[in-house]
Amino acid sequence: MNLVELLDEGVGFDAEYADGLSNHRPMALLALVRLGATQAQLNRFDQHYRQRLRPAPPQANWPGGEPWALYLGRSEAWPLYRDLFWQWLLHEDAGSVLNQALPRLMQGCAGAAFHGLIRTAYAVQAPHRRELADALAYWASCWADLGSPCAAGDTLEPETVLRQLRVCSSNTRLIAQRVSAAAQQPHFKATVDRLAVTETTLPRLSALAAHAYAASDNFTVLHLVTSAHAMRVLLPFVDEPVPAVQAYWRAFAAAVSSAGLQAGALPKARSWPALMAAACESNNDHVVKLVDSCYQQHLALGDAGPWQQAATRALMG
């Protein structure tokens, strides 16, 4: 089956599996196609990955007349949000829906370890309307507000602020839980509000994430690399990008605080053709997405970040 047919089948799968892990199938399939996977490689990955998934819950009807943000952050509301966004996309084009929904969704972008954000960006690029409805529904149902950022700030350097954060160690299983705990530290808000968010903030965060992952192989930071890529994809659909990046910065900083980074040496970068070929042979959804995000960021941002080193690190495990 081609990518569209494989994504069509996605309607039959739940958004999560194994007690809170996100379904990466639609994202990884598009990533593989962009990396140059053959049909045989695509099919092999799909057959391997779908074994862990569970069937989608029964369909539900959105209660007519209710505001769309009514059930934000309620995981059990995914079937309701599937119906809402599908109906919305049947009546309005994707750009219009994104323009209306993203400002509020961005304020909860840390939910499910950024996977609502990431899945939505991949659905936009597919492009696949049914998958976009499911992705937006997942984002809405896993939405996690980390508090309101302050518009003021006294520095333009994210790294300066990140170095001042306290490490928030936690034994919780899920990344999203650890990120939430980090954002609730007493001095967290005062620290992160030091950053003056501008149009240069997101590229800087993206490069910092790639460097940190290349030097640490930290699984939480891997999600910062892929989420920064997703933010770049979705920001053109937002009329006022600064509030969206402010919310993302807050989540980014909380993730760094929760990770407790201990950086090592950067690996020697492999060539892009070698990296892409190796990723296409992998059955690891996170590796596939990480290499794809790094290559897409390389194409869009050039050599502003250590994209090849980060992709190399992902394939060393």
Ignoring hydrogens and angles, tell me if any N or O in the side chain of His24 forms a donor-acceptor pair with the backbone of Ser22 under 3.5 Å. yes
Do Gln296 and Gln125 have a side chain donor and acceptor closer than 3.5 Å? no
Path from Met27 to Met1 over hydrophobic side-chain contacts below 4.5 Å: yes
Between Leu6 and Asn2, is there a side-chain heavy-atom distance shorter than 4.5 Å? no
Less than 4.5 Å apart, side chain to side chain, heavy atoms only: is that true for Gln246 and Met106? no
Residue pair Asn283, Arg44: steps toward the side chain to side chain contact (heavy atoms under 4.5 Å, CB included) verdict: CA-CA 8 Å; Asn283 282 327; Arg44 187 191 68 235; 3.8 Å; yes
State yes or no: are the ring centers of Trp78 and Tyr138 separated by less than 6.0 Å? no
Is any side-chain N of the basic residue among Asp134 and Arg130 closer than 4.0 Å to the acidic one's carboxylate O? yes
Keeping the roles fixed (side chain from Ser216, backbone from Asn218), state whether a donor-acceptor pair exists under 3.5 Å. yes
Under a 3.5 Å distance rule, please check whether Glu281 uses its side chain to pair with a backbone N or O of Ala277 as donor and acceptor. no
Can you list, by chain and residue number, the hydrophobic cluster partners of Leu90 when the side-chain cut-off is 4.5 Å? Trp86
Going by heavy atoms in the side chains, are Leu105 and Trp143 under 4.5 Å from each other? yes
Are the side chain of Gln41 and the backbone of Thr38 linked by a donor-acceptor contact shorter than 3.5 Å? yes
I'd like to know whether CD of Glu76 has more than 12 heavy-atom contacts from other residues, nucleotides or ligands below 6.0 angstrom. yes
Between Asp285 and Ala28, is there a donor-acceptor pair closer than 3.5 Å when you use the side chain of the first and the backbone of the second? no
Using the ring centroid of each side chain, check whether Trp139 and Tyr81 are separated by less than 6.0 Å. no
Heavy-atom closest pair, residues Ser258 and Val179: OG-CG2, 4.0 Å
For Tyr49 and Phe45, take the angle between the two ring planes, folded into 0 to 90°, and tell me which bin it lands in: parallel under 30, tilted 30 to 60, perpendicular over 60. parallel
Has the side chain of Arg119 got a donor or acceptor atom that lies under 3.5 Å from a matching backbone atom of Pro26? no
According to a 4.5 Å side-chain heavy-atom criterion applied to Ile, Leu, Val, Met, Phe, Trp and Tyr, with indirect links allowed, do Leu299 and Leu202 form part of one hydrophobic cluster? yes
Over 12 non-hydrogen atoms of neighbours within 6.0 angstrom of CD in Gln59: no
Between Glu157 and the options Arg204, Arg163, Arg194, the side-chain hydrogen bond (donor to acceptor under 3.5 Å, both in side chains) test singles out Arg204
Is any side-chain heavy atom of Tyr248 less than 4.5 Å from a side-chain heavy atom of Ser227? yes
In terms of hydrophobic clusters joined by side-chain contacts under 4.5 Å, are Val221 and Leu266 together? no
Is there a side-chain contact between Thr120 and Leu98 in this structure, where contact means two heavy atoms from C-beta onward sitting under 4.5 Å apart? yes
His223 vs His115 aromatic rings, parallel, tilted or perpendicular, using cut-offs 30° and 60°? perpendicular
Thr201 side chain to Thr198 main-chain N or O, any donor-acceptor pair under 3.5 Å? yes
Answer whether the closest heavy-atom distance between the side chains of Trp249 and Asp193 falls below 4.5 Å. no
So, do Ser257 and Val167 sit near enough that their side-chain heavy atoms are less than 4.5 Å apart? no
If every non-hydrogen atom of Trp272 is compared with every non-hydrogen atom of Ala311, which pair is closest and at what distance? CZ3-CB, 4.1 Å
Got Leu80 and Pro63 here, is their nearest side-chain heavy-atom distance under 4.5 Å? yes
In terms of hydrophobic clusters joined by side-chain contacts under 4.5 Å, are Phe13 and Val11 together? no
Quick check: closest heavy atoms across Ala269 and Gln308, and the distance to 0.1 Å? CB-CB, 3.7 Å
Looking only at atom types and distance, does a side-chain atom of Asn99 sit under 3.5 Å from a main-chain N or O of Val238, one as donor and one as acceptor? no
Pairs meeting criterion ring-ring contact (aromatic ring centres under 6.0 Å, His included) with involvement of residues 170-213, two or more places apart: none
Hey, is the main chain of Arg270 close enough, under 3.5 Å, to the side chain of Thr312 for a donor-acceptor pair? yes
Check against side-chain hydrogen bond (donor to acceptor under 3.5 Å, both in side chains), Asn43 and Gln47: CA-CA 6 Å; Asn43 291 340; Gln47 290 304 314; over 6 Å; no
Would you say CZ of Arg52 has more than 12 non-hydrogen atoms from neighbouring residues, nucleotides or ligands within 6.0 angstrom? yes
Does this structure show an ion pair linking Arg25 with Glu131, if we count only N-O contacts that are shorter than 4.0 Å? no
Checking His128 against Asp8: is there a side-chain donor and acceptor pair closer than 3.5 Å? yes
Strictly below 4.0 Å, N to O, side chains only: are Asp217 and Arg313 in salt-bridge contact? no
Phe85 and Trp88 aromatic ring geometry - parallel, tilted or perpendicular at 30°/60° bounds: parallel
Ala181 backbone acceptor or donor facing Gln185 side chain under 3.5 Å: no
Regarding Ser293 and Gln297, do their side chains bring together a donor and an acceptor under 3.5 Å, going by distance alone? no
Does Val288 share a hydrophobic cluster with Leu21, counting links as ILVMFWY side-chain heavy atoms below 4.5 Å and allowing steps through other members? yes
